[in-house]
Protein chains: 2
Amino acid sequence: MRLSQGVEWAIHTCLNLTWLGAERGVSTSRLAEFYQLPPAYLNKQLQSLVRAGILASTPGRRGGFSLARQPADISLLDVVVAIEGPDPLFRCEQILRAGPGGRPDVDYREVCLVSGAMRRADLAWRQELASRTLADLKADVERSFPATPDATRDRFAELHER
Amino acid sequence: MRLSQGVEWAIHTCLNLTWLGAERGVSTSRLAEFYQLPPAYLNKQLQSLVRAGILASTPGRRGGFSLARQPADISLLDVVVAIEGPDPLFRCEQILRAGPGGRPDVDYREVCLVSGAMRRADLAWRQELASRTLADLKADVERSFPATPDATRDRFAELHER
DNA sequence: GTAGGAATACTCGGATAAGAACTGTCCGAGTGGGCGAGG
DNA sequence: CCTCGCCCACTCGGACAGTTCTTATCCGAGTATTCCTAC
C-alpha cells in the first residue's frame, strides 16, 4: 500500500507554479520537462487538480495551467485528496456483520471500535496534512534554499525559449 | 490508494484470540468461519503476523494460531506494519534530483521539504496507531459491549464441535 | 500598405493499452491422534 | 487388559492464477498565432 506517484509530482509542480507568477499559464510539456516526467501522464494528474479547483487551465495556442487559488488557501491535504480521492486509508468492510450477533441494518463503520481507532489515526494524518499550506512550504523552501526561486524561474525561461 | 483488506481481518482476528485464551491454538478454518472469510487467504495474512512475531503457529493435527505476546504489547501499528510492510505511505522518488541543481549524491528523502512534510503526517498516523494496543481495544469493547467476550467464546465452541 | 481570412502549430481533455499489486486458490510437508494387532 | 506401531486426518506453509488499480500512452477538440491574398 502506498500513495500514487502523482502526489509527489503534483505537490512539486504546484510549488513551482507559486514561483512563476500566474500572469499566464504554463504548459504540461514545460512542467514535465522540468523534472523529466512523462508529459501525458503528468497531464492526467493536472486534470485531477483542475477538477478539484486547485489549478485553472486555459486551452489553445498559448494555454497552460496556473494556480486557481492563493497558495495560502491550498493545503497539502487538498492536493492529496485531489489525486488519491476522498476515501479513507482504512476501509471498514463491516466484517462484524458476518460475526455472531451481526445485524444487517447496523452501520458498523460507525459502531465498530476497530473502525473508530483506525479512523482516528486517519484523522491525525489528515489534520497534519491540512495544517500545511503551499504558502508555508514555499516560505520554508525560500528560507532553507534562497536560490531556489530564481533557479526555478531561470530554468522555466530556458524551457520557454525552445 | 487504500490499505489491504487483510488489515481489518488481522485486527479482528487478533482481538478474538485475546478472548479465547491461549491454552491452545485455533486453526485457520475456525478463525475464517467466524467471519465467513476465505480460509486460504486469511491463512496468508496470519502467516504475515507470525513472521512479525505477533502470532505463534503450531503445526500438526491439533495445531493452530495463538498470540505470541501479551495483548498490551501488541499495538495496532504492529499489526498494520505486519500486513502492509514497513514502507511509508508517501514514497519520495526524489524528483528534485532531475530538477535544476539536482545532485546525484544527495539523499533528497532527507533534504526535500516536501518529503519532510509528508513524513511528518506519516509519523502522526503511526503514532496514533502505536498508541493503541490490543489490550486497550479489548477493554473498550468489553466496556461498550459486555456480551461480546462470551458470545465470541460460545461461537468458537460451536465451531469446534463440528 | 492594410484588412480580412484560412491554414497551422500548439494546447488541454478524455478514451485507450501495459504493468504491478492486491485478492483468491491450490497442493505439498509435517505433526499428532486413533485404530488395530500382538503380547 | 495393556502396549506398541502403523495409518490417517488435520494442520501450516509456500507456490500458483484471477481481478482491480496504478502507470503510461495516444489521438481528437479547440484556440491564438501567423502567413497569404485581395483590395
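Quick caveat, the model's predicted, so the values are computed rather than measured. Every chain is numbered from 1 and lettered A, B, ... according to where its sequence line falls, protein lines coming before strand lines.
Of the candidate nucleotides C:dC12, C:dT25, D:dC21, C:dC12 has the atom nearest to the side chain of A:Phe65. When each of D:dT22, D:dA9, C:dG13 is scored by its nearest atom to the side-chain atoms of B:Arg61, the top-ranked nucleotide is D:dA9. Each of C:dC26, C:dG24, D:dG13 was ranked by its minimum atom distance to the side chain of B:Ala40; first place goes to C:dC26. Side-chain proximity of B:Lys44 to C:dT23, C:dG14, C:dA9: nearest is C:dT23. Closest to the side chain of A:Arg91, from the set C:dT23, C:dC10, D:dC12, is C:dT23. Nearest nucleotide to the side chain of A:Gln5, out of C:dT11, D:dT23, D:dG13: D:dT23. With distances taken from any side-chain atom of A:Ser4 to the nucleotides D:dC26, C:dA20, D:dT22, the minimum falls on D:dT22. Set against D:dG13, C:dG13, D:dT11, the side chain of B:Arg30 has D:dT11 as its closest nucleotide. The nucleotide whose nearest atom lies closest to any side-chain atom of A:Pro38 is, among C:dT23, C:dC12, D:dA24, D:dA24. Nearest nucleotide to the side chain of A:Trp9, out of C:dT23, D:dA24, D:dT23: D:dA24.
Looking at A:Leu46 and A:Ser57, their side chains never come closer than 4.5 Å, going by heavy atoms from C-beta outward.
Neither OP1 nor OP2 of C:dC12 sits under 4.0 Å from any side-chain N or O of A:Gln47. Side-chain nitrogen and oxygen atoms of A:Tyr41 include none within less than 4.0 Å of the OP1 or OP2 phosphate oxygen of D:dT25. Between B:Thr58 and D:dC12, a side-chain N or O to OP1/OP2 separation shorter than 4.0 Å is absent.
The nearest heavy atom of DNA chain D to A:Asn43 and to A:Arg62 marks one nucleotide each, and the one closer to the 5' end goes with A:Asn43. If you find the closest nucleotide of DNA chain C to B:Pro39 and to B:Glu84, the one lying nearer the 5' end belongs to B:Glu84.
Heavy-atom contacts from other residues, nucleotides or ligands closer than 6.0 Å to CZ of A:Arg153 number more than 12.
Within the 3.5 Å criterion, the main-chain N or O of B:Gly64 finds a donor-acceptor partner in the side chain of B:Thr58. A:Glu128 places no side-chain N or O within donor-acceptor distance of the main-chain N or O of B:Arg120, the cut-off being under 3.5 Å. In this structure a side-chain-to-backbone donor-acceptor pair under 3.5 Å is missing from B:Ser4 to B:Gly6.
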